[in-house]
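Remarks on the structure that follows.
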Number of protein chains: 2
Amino acid sequence: MSERRSGQGQPDKTLALLWRNHRRPAAEPTANEPARQRGAGRRPSLNVDDVVQTGIRLADEQGLAAASMGGLAKELGVGTMTLYTYVPSKDELLDLMVDQVLVERELPGPGAPRPDDWRAQVEIYSQQTRAMFQQHLWLSQVSTIRPPVGPGMLAGREYLLSAVLGLGLTATETNTAALAITTYVDSAAHLEAESRLVERTTGQTNDAWWFERNDLWETYFDVDRHPAMTAIWHAKGYDSTPADSYRYGLDRLLDGIEAMKTL
Amino acid sequence: MSERRSGQGQPDKTLALLWRNHRRPAAEPTANEPARQRGAGRRPSLNVDDVVQTGIRLADEQGLAAASMGGLAKELGVGTMTLYTYVPSKDELLDLMVDQVLVERELPGPGAPRPDDWRAQVEIYSQQTRAMFQQHLWLSQVSTIRPPVGPGMLAGREYLLSAVLGLGLTATETNTAALAITTYVDSAAHLEAESRLVERTTGQTNDAWWFERNDLWETYFDVDRHPAMTAIWHAKGYDSTPADSYRYGLDRLLDGIEAMKTL
DNA sequence: TGAATTCTCGTATACCCTACGAGAATTGTC
DNA sequence: GACAATTCTCGTAGGGTATACGAGAATTCA
C-alpha cells in the first residue's frame with residue numbers, strides 16, 4: 001500500500017477538478033475543456049475526462065494496478081508525464097475516479113419520483129451502492145476516509161439523509177441514523193466487492209479456499225475451546241450466505257431505528 | 001496496494017505456522033522453536049515469534065510500510081533473505097501478525113466469568129475490538145477477507161457466537177445475527193483506525209482537512225440540489241461525533257435483533 | 001575427517017510515483 | 001515575417017517494494 005491520501009497539495013485546485021462538470025448558475029468557466037478558448041500555447045491532446053474515464057475502464061477490466069500512471073499513459077498513447085498536465089497526482093486521479101462512479105450511481109434527486117416508504121428508499125440506496133461496488137470492484141481497494149468532496153459524494157449523502165428525514169426524528173438523530181446506515185451498507189458492499197475481487201485475482205473461489213484448509217478442523221480445532229461454534233455446527237446453523245446475513249442485519253438496524261420514532 | 005493475498009502456496013504449512021504455539025493434547029511438535037533439538041545443520045539465529053513480534057512493533061511505531069522485509073531484517077540485524085527461512089512470504093507474515101494481535105485481544109474464553117446480559121457481552125467484544133484497532137492502526141490497512149484461520153480469529157468468532165447464543169434464537173438466526181454484528185463492529189473499528197492513521201501520517205486533523213475545503217460550501221455547494229443537507233444544517237444536526245453515531249447504530253442493531261426473540 | 005544438513009544473504013529483476021528541465025507547438029504582436 | 005510568450009509533451013533519474021536463485025558458512029553425526 002502506497003500510503004495513499006498523504007495530503008493533496010491544493011484543496012482549491014482539487015475542488016475545481018471535482019466540480020469541473022457541475023457549474024453553478026453564473027459561475028466562471030471550469031477546469032475541464034479548453035476553458036479559455038483564446039490564448040497562446042500548445043493545444044492539449046486530452047482532457048481530464050479522458051484520463052478519468054480511461055482510468056475507470058482499465059481498473060474495471062484489469063484491476064486497479066493496471067490503472068498506474070504508466071499503464072494509463074500507454075493506453076492513451078502519450079508519455080507518462082503528460083498525464084500530470086491534467087491531474088496533479090495519482091491520489092487526486094483516484095479521487096476523480098471515485099467521485100465519477102459515485103455520480104453514475106443512480107439515486108433519485110430532490111423532486112424526482114421515489115417510493116413513499118422510507119425503508120424502500122433506503123433499499124434503493126443499498127441496491128445501487130452494492131451494484132456500484134460490484135461493477136467497480138477496485139472501489140474496495142481505495143480508502144475513502146477522506147472522501148472526494150465532489151458532486152457524487154454529496155448526492156449520495158443528500159439522498160440517504162432525505163430518506164431518513166421521512167421518519168420525523170430530530171435533526172441530530174436523523175443525521176446519526178443516516179451515518180449508521182451508510183456505515184453498515186457501505187462497509188458490507190465494500191466487503192462483498194473485496195471478496196469477489198480476491199476470487200477473481202486468485203482464480204480460486206472462497207469455497208475452494210476453505211476446502212484447502214480442511215486440516216483446520218481435523219488437526220487444530222479444539223472442540224472444548226469452541227463450544228458455541230460446535231453447537232452451531234451440529235445444529236446446521238452455518239448454511240446461511242453472506243447475502244442473507246447482510247439482509248438480516250440491515251432489516252434489524254432499520255427496525256431499531258424505526259422503533260425510536262414512537263418513543 | 002500490492003495485490004495482497006494472491007494465494008498462499010501451501011495451506012498446510014500456513015496452518016502449522018498459525019497454530020505453532022497452540023498444540024492440542026498429544027500432538028506432534030510444532031513449527032516454532034528448534035522443534036527437533038537434535039539433527040545436523042546450522043543453528044537458527046531467530047525464531048518465528050521474533051519475526052512476528054518485531055513486525056508488529058515496527059508497524060505499531062512507524063507504520064505498516066516500516067514492516068517491510070528489508071526494514072524488518074535491518075531491525076533484527078540480519079540479511080533480508082534470512083527472513084524467508086522463518087516465513088514463506090510477506091503475505092503469510094501479515095497473517096501471522098494479524099492473528100497474533102487477535103490472540104492478544106482479551107475476550108472471556110468458554111467457562112471464564114462474563115456478564116449475564118448478552119448486550120453487555122457484545123459490548124465487551126465491541127470495546128476490545130476497537131481498542132485492538134486503536135493500538136494497531138495498521139490493521140486497517142490489511143485485508144482480512146480471507147482471514148488468518150488461527151487461534152486468534154477462532155477465539156473471536158467463538159466469543160461473539162456464544163454471546164448471541166444467549167438470546168435463544170435458532171441456530172441459523174444466531175449465526176446470521178452474529179455475522180451482522182461483526183460486520184458492523186469490525187467495519188466501524190476499521191474506519192476509526194483508518195481515520196486516526198490518516199491524521200497521524202498526514203499530520204493534519206480531520207477538522208483541519210475539512211476547514212481547508214471551506215470553498216466547497218461557498219463556491220460549489222448548491223442549496224437547491226441538497227435540501228436535506230441544508231435542512232439538517234439549519235437545524236444544527238451536524239454536531240454529533242462519529243463515536244456517537246457508532247454507539248447509536250450498534251444499539252439500534254441490537255434492539256432490532258432482540259425484538260426478534262419475542263416473535 | 002568428510003558427508004549431510006540447515007541456515008545465511010548478495011545480487012538481480014521488475015515494478016511503482018514523480019521532480020526536473022529541455023524541447024515542441026501554437027498564438028499574438030510588432 | 002520574426003520573435004516572445006505561453007502551454008503542453010515527455011525522457012531521465014532516484015528511491016522504494018518483494019522475492020527467485022544459488023553460493024557459502026556453520027553445525028552434527030558417522
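In what follows, chains are A, B, ... by sequence order, proteins preceding strands, each numbered from 1.
Here the rule is side-chain contact (heavy atoms from CB on, under 4.5 Å) with A:P148, and of A:L96, A:T14, A:L15, A:V98 only A:V98 fits it.
Under 4.0 Å is where a charged nitrogen must lie from a carboxylate oxygen, and between B:R213 and A:D12 no such pair does.
B:Q141 has its CD atom 15 Å from the C1' atom of D:dT17, to the nearest Å. Following rounding to the nearest Å, A:K74 (NZ) and C:dA14 (P) show an atom-to-atom distance of 13 Å. Per the geometry, CG belonging to B:L76 stands 11 Å off P belonging to C:dT8, to the nearest Å. Distance CG (A:L94) to P (C:dT18): 10 Å, rounded to an integer number of Å. Atom CE of A:M81 and atom P of C:dA22 are 15 Å apart (whole Å). Look at CG on A:L46: it is 16 Å from P on C:dA25, rounded to the nearest Å. In this structure, B:M69 places its CE atom 16 Å from C1' of D:dG16, rounding to the nearest Å. Between the OH atom of B:Y84 and the C1' atom of D:dA20 there is a distance of 10 Å, rounded to whole Å.
Contact annotation: A:R43 side-chain N/O to D:dT9 OP1/OP2 distance is not under 4.0 Å. Applying the 4.0 Å criterion to OP1 and OP2 of C:dT18, one finds that A:T80 has every side-chain N and O outside that range. Taking 4.0 angstrom as the limit, B:Y86 places a side-chain polar atom (N or O) nearer than this to OP1 or OP2 of C:dT8. Listed pair A:T82 / D:dC10 meets the phosphate criterion, a side-chain N or O lying under 4.0 Å from OP1 or OP2. Look at B:S68 and you won't find any side-chain N or O under 4.0 angstrom from OP1 or OP2 of D:dG16.
Considering only side-chain atoms of A:A40, the nucleotide from D:dT6, C:dC17, C:dC9 that sits closest is D:dT6.
In this structure, B:H226 has its ring center closer than 6.0 angstrom to the ring center of B:F221.
At a threshold of 4.0 angstrom between heavy atoms, the contacts of B:G79 are confined to the sugar-phosphate backbone, with no base atom among them.
Checked by atom type and distance alone, the side chain of A:D99 pairs as donor or acceptor with a backbone atom of A:M153 at under 3.5 Å.
In the displayed structure, B:F211 atom CZ is contacted under 6.0 Å by at most 12 heavy atoms of other residues, nucleotides or ligands.
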